[in-house]
Amino acid sequence: MPNNLLEELLHNLPKVDLHLHLDGSIRESTLWEIAAQQGIELPAARAEDLTPFMKVTGECGSLLEYLEKFDFVAGFLHQAEVLERIAYEVVEQAAEQNCRYIEVRFGPQLHRSEGLSCEEVIDAVLRGLRRGEADFGVIARGIAACLRHHSPHRNMEVIEAAAAFRERGLAAVDLAGPEAAFPAHLHRAVFEYAQLLDMPVTIHAGEAGGADNIHEAIVRLGASRIGHGVRLRENPNVLNLVRERQIVLEMCPLSNFQTKAMESWETYPIREYFDAGLKLTINTDNLTVSDTSLVKEYTVLIEKFGFTPSEIASLILNGVDAAFLPAADKERLRADFLQAFALLGLRPPAPPSSISAAG
Ligand SMILES: [Zn+2]
């Protein structure tokens, strides 16, 4: 298929993005305006000149270089109006990609320097998401992230606040941050509390740390989904566990490449995992920092790993099944997607016998 037709087909596919960070997806023009409103001077003469500070362009040198992009925006994100605006604009960006369902994650404790409580941070983000849903017709949910380098006390606060917003669009809790230095087992008590409150759990694991973290996340922290999971193959027993329990991997190819979760594209195990019957989903991680879109991510799969458009469609349906939504909502979404795929001439493989009740 010629490249332009393929790109058009990929654009037209209805999509989902389950792994998308709020602070990694801020438009340069928006940051420019926020800085002006807050009277903060930026090291650039125009909004366009912010690109090197906010985006990884070309080959990223290291994980550290990747994380510097988050440090650059961190100081601007402590006011409710700002959080609401950037959440709203993430929904807008999803709509531009013909993405129909998104889960936007953020660390409530990272936005409190000007006095907001965890509840106020969550409320502001969810307001932006709801406004975006109404204006752009994208279903949008929030995921509250605990941080690996934060104390159990601060992370418990996040879990508690998240649970209070469960009926208002806060779909799940997550664990993010420096995986290598702070392994998953340090956070058992926090996630036992999340399970006690019946909050769905996804955990970043197997990105900068090994397969042990994935095992811990599933067995002790109650994760039904794993963020990235690139290093799963380092332990065949854990890989079998992930397959048997149909744990969902939220893979983010361009981000995984940029953060050096694998040495090179040749060693990226996405084809291997797909062929082994693992439940994979494809996500963007950070629209701005990774300078990506779902179309770019799918294009990597097609060009570097030989995925077909029908296989991409089946990955998208995995995302629908794995959504932290009630089963009836997922079935509706699945039916809509199947109809759209059929109109585009795609026939993804038969659906699994049951839709997981993660929501
Ligand atoms: Zn992430």
Side-chain angles (χ1 to χ4, degrees), residues 16-26 54-56 60 62-71 73-74 77 86-87 90 93-94 99 102-111 125 140-150 155 158 162 170-184 187 191 200-209 213-214 217 221 223-232 247-262 268 270 280-294 296-297 300 319 322-324:
V16 301
D17 199 343
L18 303 180
H19 192 124
L20 174 56
H21 291 265
L22 181 68
D23 57 353
S25 305
I26 305 167
M54 295 176 69
K55 277 183 179 165
V56 166
C60 178
S62 65
L63 177 60
L64 210 65
E65 188 185 326
Y66 193 84
L67 297 176
E68 278 171 5
K69 315 295 176 193
F70 295 91
D71 294 341
V73 301
L77 312 176
I86 59 175
V90 168
Q93 293 176 80
C99 188
I102 56 171
E103 291 171 2
V104 180
R105 57 188 77 197
F106 57 101
Q109 297 285 15
L110 298 176
H111 306 290
V125 172
R141 296 288 179 270
I143 295 179
C146 297
L147 276 300
R148 289 178 179 273
H149 55 295
H150 282 183
N155 284 331
V158 171
L170 199 290
V173 290
D174 175 27
L175 178 63
E179 184 188 358
F182 297 89
H187 303 279
F191 283 86
V201 175
T202 174
I203 303 271
H204 281 77
E207 181 190 20
N213 271 335
I214 300 174
L221 308 191
S224 60
R225 295 183 357 204
I226 294 292
H228 307 299
V230 180
R231 292 176 57 180
L232 176 63
I247 300 293
V248 172
L249 299 186
E250 306 159 356
M251 299 193 85
C252 309
L254 282 164
S255 162
N256 296 153
F257 179 72
Q258 292 161 344
T259 63
K260 307 271 188 278
M262 72 288 196
Y268 193 49
I270 198 148
L280 304 187
T281 63
I282 303 303
N283 311 280
T284 56
D285 210 11
N286 297 289
L287 292 171
T288 305
V289 173
S290 282
D291 190 20
T292 192
S293 66
L294 286 166
K296 284 190 188 179
E297 303 288 344
V300 167
F324 288 130

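Sequence positions, counted from 1, serve as the residue numbers for this chain. Every number for a ligand or one of its atoms is a count from 1 in the order of the listing.
- The aromatic rings of Phe106 and His111 are tilted relative to each other, their planes meeting at an angle between 30° and 60°.
- A side-chain donor-acceptor contact under 3.5 Å links Glu297 to the backbone of Leu254.
- Across Ile102 and Ala94, no two heavy atoms sit closer than the pair CG2-CB, 3.7 Å.
- In this structure, a donor-acceptor pair under 3.5 Å is absent between the side chains of Gln93 and Ser25.
- The count of protein N, O or S atoms under 2.8 Å from the Zn ion (ligand 1) stands at 4, with waters excluded from the count.
- Atom CZ of Arg225 is separated from atom OG1 of Thr281 by 6.5 Å, given to the nearest 0.5 angstrom.
- His228 and Asn256 make their closest contact through ND1-ND2, 2.9 Å (heavy atoms, listed as atom of the first residue, atom of the second, distance).
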